[in-house]
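Being a predicted model, the structure only gives us computed values, none of them experimental.
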Amino acid sequence: MTGTEPHAWGTGLMDDITFVGLDVHKATVCIAVAEGGRGGEVRQLGVFENRPEILSKVVSRLSKGGRRLSFCYEDGVIPARRYRFP
C-alpha cells in the first residue's frame, strides 16, 4: 500500500532516535529498545525494579553519546509512578 508510511522515514529524521518501550508494573518495569531507521535493531533490555534511581541509570546509559530517546509506556490496570527525566 503506497502512501501509508510516515513521511519522516524517507528523510532520515528518525535514524538518530532510539525508541524506548516501557511495560510498567507496580514493582517492575520491562524495557525494550528499537534503534531508529527502518532496519534498526529491536531488543529487550530486561526487567528492572520500578525505582527512580534504577530507571534514571538506565536512561543515562541509553542516552550516552547524545542519543535522542523517545519513550512510550503501557502501565496496565495498576496505577504506576511515572518519572520525568532531564
Side-chain angles (χ1 to χ4, degrees):
M1 203 152 64
T2 316
T4 59
E5 298 177 353
H7 295 287
W9 277 351
T11 65
L13 294 174
M14 296 172 67
D15 292 347
D16 67 339
I17 300 173
T18 297
F19 299 93
V20 183
L22 307 170
D23 187 9
V24 181
H25 302 272
K26 186 174 184 178
T28 61
V29 178
C30 180
I31 302 177
V33 296
E35 301 298 332
R38 291 196 72 145
E41 179 186 6
V42 178
R43 65 189 184 283
Q44 181 177 343
L45 285 183
V47 179
F48 301 88
E49 286 184 62
N50 191 355
R51 295 189 4 225
E53 63 275 11
I54 291 174
L55 298 177
S56 183
K57 236 183 241 189
V58 172
V59 170
S60 292
R61 287 182 185 152
L62 287 174
S63 62
K64 274 189 179 168
R67 278 204 276 181
R68 291 178 20 194
L69 303 176
S70 180
F71 292 86
C72 66
Y73 68 91
E74 188 278 316
D75 65 356
V77 296
I78 299 172
R81 295 173 287 178
R82 290 182 272 298
Y83 308 99
R84 298 190 117 214
F85 293 101

For the atom pair CG (D23) and CD (Q44), what is the distance rounded to the nearest 0.5 Å?
-> 9.5 Å
Can you name the closest pair of heavy atoms from L69 and L62 and give their distance?
-> CD2-O, 3.9 Å
Same cluster or not: are V58 and V47 linked, directly or through other Ile, Leu, Val, Met, Phe, Trp or Tyr residues, by side-chain heavy atoms under 4.5 angstrom apart?
-> no
pair K57-E53: side-chain heavy atoms closer than 4.5 Å | no
Any L55 side-chain heavy atom under 4.5 Å of I31 side chain | yes
What distance separates C30 SG from L22 CG, expressed to the nearest 0.5 Å?
-> 9.0 Å
What are the two closest heavy atoms between R67 and R61, and how far apart are they?
-> NH2-O, 4.2 Å
